[in-house]
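Shown next, in structure tokens, is the structure this report addresses.
Remember, it's a predicted structure, so these values are computed and weren't measured experimentally.
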Amino acid sequence: MKIYGIIGNPVEHSISPEMHNAAFRELEINAIYCKFRVLRNELKNAVNGIKALGINGFNVTIPYKESIIPYLDYLDKNAKMIGAVNTVKLEGNKLRGYNTDGKGAIIPLKRIMRINGKRALILGAGGAARSISFELLHENIECIYIANRTMKRAIRLSNDLRKYGCNSYVIKLDDNTLRKVIDDVNFVINCTSVGMYPNINESLLSSDMLHSKLIVEDIVYNPLKTRLLQNAEIAGARTISGIEMLVFQGALSFEIWTGIKAPVDIMRISALDAIMKFNKRR
Ligand code: ATR
């Protein structure tokens, strides 16, 4: 039997096990996916243990997406560019790090829009914002505006994108500036945790700041329809729920590990089911 898992802290709330185990069952793959809560001072030991035990692959979540890098043997080109890893595969006796977060967010967007030549507003400048911005760069986006509560982080991301030839601008996270920029962009992606359960009434953008020609994507998946997505609907914009990114980043990890096409629809159903169960329990 092959063993996969997720490491992070906390991991109790993660629904990746439900998603991946459903995929293994569907494809009759003899494998299991488990949660491993790892304390910060145990990260190195945990990674060495994973290697020694021959655990075949794992996801990495908050807060270790960056700090795991020194303990890996190789990084895929994209993970290196982003500076963060969410997927690790044991190859022989070496660990290789990948990042599927950005692609996971872009797949649902590309289903309804060509990114080439478009303009985007990214809210946030953390790991998710970095991986998504670099993926937009690979898709030949015309321009990325970045707004973040901590300006310094936004400047760092913008400078890193510019090094690779991306037109990127840092803007203030204030309503007037956002309003002007939103009038000029084709889509907005919230890469912050604002609006996540239990703060379900929070949104960085109100409905009167949005318009009907926009696509608005949220990376927050609980609640499924965040306040931001509700506001976007009121403004007549198209919306993409955070569940899509969750499912596609998971599907891409699955494919890296197994080399088999992931059963995306089964993974989505099991993720939705797990969120509903989580919300019933609380
Ligand atoms: P991840 O790796 O999931 O992106 P992260 O690196 O902790 O996680 O980033 C979280 C993002 O949400 C950051 O952009 C953070 O802003 P700061 O860089 O200023 O911390 C943003 N964020 C979290 N809570 C926020 C809030 N209440 N208002 C505005 N932005 C917030």
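- Inspection of the Asp218 and Asn190 side chains reveals an N or O donor paired with an N or O acceptor under 3.5 Å.
- No more than 12 heavy-atom neighbours from other residues, nucleotides or ligands sit within 6.0 angstrom of NZ on Lys225.
- A donor-acceptor contact closer than 3.5 angstrom links the side chains of Asn279 and Asn222.
- Lys35 contributes a side-chain N or O that, together with a main-chain N or O of Glu12, makes up a donor-acceptor pair within less than 3.5 Å.
- Residues Asn231 and Ser206 have side chains that never bring a donor and an acceptor to within less than 3.5 angstrom of each other.
- No donor-acceptor pair under 3.5 Å is formed between the side chain of Lys51 and the backbone N or O of Val47.
- Contact detail for Arg40 and Ser67: the closest heavy-atom pair is NH1-OG, 3.8 Å.
- Distance check: Ile240 CD1 to Ile189 CD1 gives 7.5 Å after rounding to the nearest 0.5 Å.
- Of the inter-residue distances, the one linking Asn93 atom CG with Asp73 atom CG reads 7.5 Å to the nearest 0.5 angstrom.
- Nearest approach of Met151 to Ile171, heavy atoms of both residues: SD-O, 4.4 Å.
- Checking side-chain atoms of Trp257 against main-chain N and O of Val88 turns up a donor-acceptor pair under 3.5 Å.
- Placement of Ile107 and Ile115 in two distinct hydrophobic clusters is found when ILVMFWY residues are connected by side-chain heavy-atom separations under 4.5 Å, directly or transitively.
- No donor-acceptor pair closer than 3.5 Å links the side chain of His20 to the backbone N or O of Cys34.
- Across all their heavy atoms, Leu136 and Ala120 have their closest contact at CD1-CB, 4.3 Å.
- Taking all atoms of both residues into account, the shortest heavy-atom contact from Ala237 to Val216 is CB-CG2, 4.2 Å.
- The OG atom of Ser241 sits 8.0 Å away from the CG atom of Leu272 when rounded to the nearest 0.5 Å.
- Remark: Arg119 is not positioned above the aromatic ring of Phe187, lacking an NZ or CZ atom under 6.0 angstrom from the ring centre and at most 45 degrees off the axis.
- Asn199 places no side-chain N or O within donor-acceptor distance of the main-chain N or O of Glu202, the cut-off being under 3.5 Å.
- A side-chain donor-acceptor contact under 3.5 Å links Asn59 and Ser253.
- Between Phe24 and Phe254, the distance separating the two ring centers is shorter than 6.0 angstrom.
- Note: Glu91 CD to Lys94 NZ = 11.5 Å, rounded to the nearest 0.5 Å.
- Residues satisfying the side chain to side chain contact (heavy atoms under 4.5 Å, CB included) criterion with Glu66, sequence neighbours excluded, are Ala84.
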| task | Check step by step if side-chain contact (heavy atoms from CB on, under 4.5 Å) holds for Leu173 and Leu123. | result | CA-CA 8 Å; Leu173 191 67; Leu123 301 172; 4.2 Å; yes

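- Proximity of a side-chain donor or acceptor of Asn21 to a complementary backbone N or O of Tyr33 within less than 3.5 Å is detected.
- Here the side chain of Ser270 pairs a donor or acceptor atom with the backbone of Met267 at under 3.5 angstrom.
- A donor-acceptor pair under 3.5 Å is absent between the side-chain atoms of Tyr221 and the main chain of Ile275, judged by distance alone.
- By the rule that hydrophobic residues join a cluster once side-chain heavy atoms approach within less than 4.5 Å of another member, Leu252 and Leu137 end up as members of separate clusters.
- We find that Arg268 and Glu244 are joined by a salt bridge, their nearest charged nitrogen and carboxylate oxygen being less than 4.0 Å apart.
- Pairs passing the side chain to side chain donor-acceptor pair (under 3.5 Å) check and including a residue from residues 137-159, sequence neighbours excluded, read Asn78-His138, Lys110-Glu139, Tyr145-Asp184, Ser158-Ser168.
- In the hydrophobic clustering of ILVMFWY residues, with side-chain heavy atoms under 4.5 Å counting as a link, Val220 and Val11 come out apart.
- The pair Arg130-Asp101 does not meet the salt-bridge criterion, since no charged nitrogen lies less than 4.0 angstrom from a carboxylate oxygen.
- Partners of Asp174 by side chain to side chain contact (heavy atoms under 4.5 Å, CB included), not counting sequence neighbours, listed by chain and number: Lys172, Asn176, Thr177.
- Put simply, the side chain of Asn56 never gets that close to the backbone of Tyr4: no donor and acceptor are under 3.5 Å apart.
- A salt bridge is absent between Asp183 and Arg179: the closest approach of a Lys/Arg side-chain nitrogen to an acidic carboxylate oxygen does not fall below 4.0 angstrom.
- Of all non-hydrogen atoms in Ser131 and Ala128, the two that sit nearest each other are OG-O, 3.1 Å.
- Linking ILVMFWY side-chain heavy atoms closer than 4.5 Å, directly or via other members, places Phe36 and Val60 in a single hydrophobic cluster.
- Two residues are said to be in side-chain contact when any heavy atoms from C-beta on lie closer than 4.5 Å; Ile144 and Asn167 fail this criterion.
- Scanning both residues, Leu205 and Val188, for their nearest heavy atoms gives CD1-CG1, 3.9 Å.
- Remark: aromatic rings of Phe134 and Tyr164 are close, center separation under 6.0 Å.
- Formation of a donor-acceptor pair under 3.5 Å by the Lys103 side chain with backbone atoms of Gln249 is not found in this model.
- Looking only at side-chain heavy atoms (C-beta outward), Met19 and Leu246 come within less than 4.5 Å of each other.
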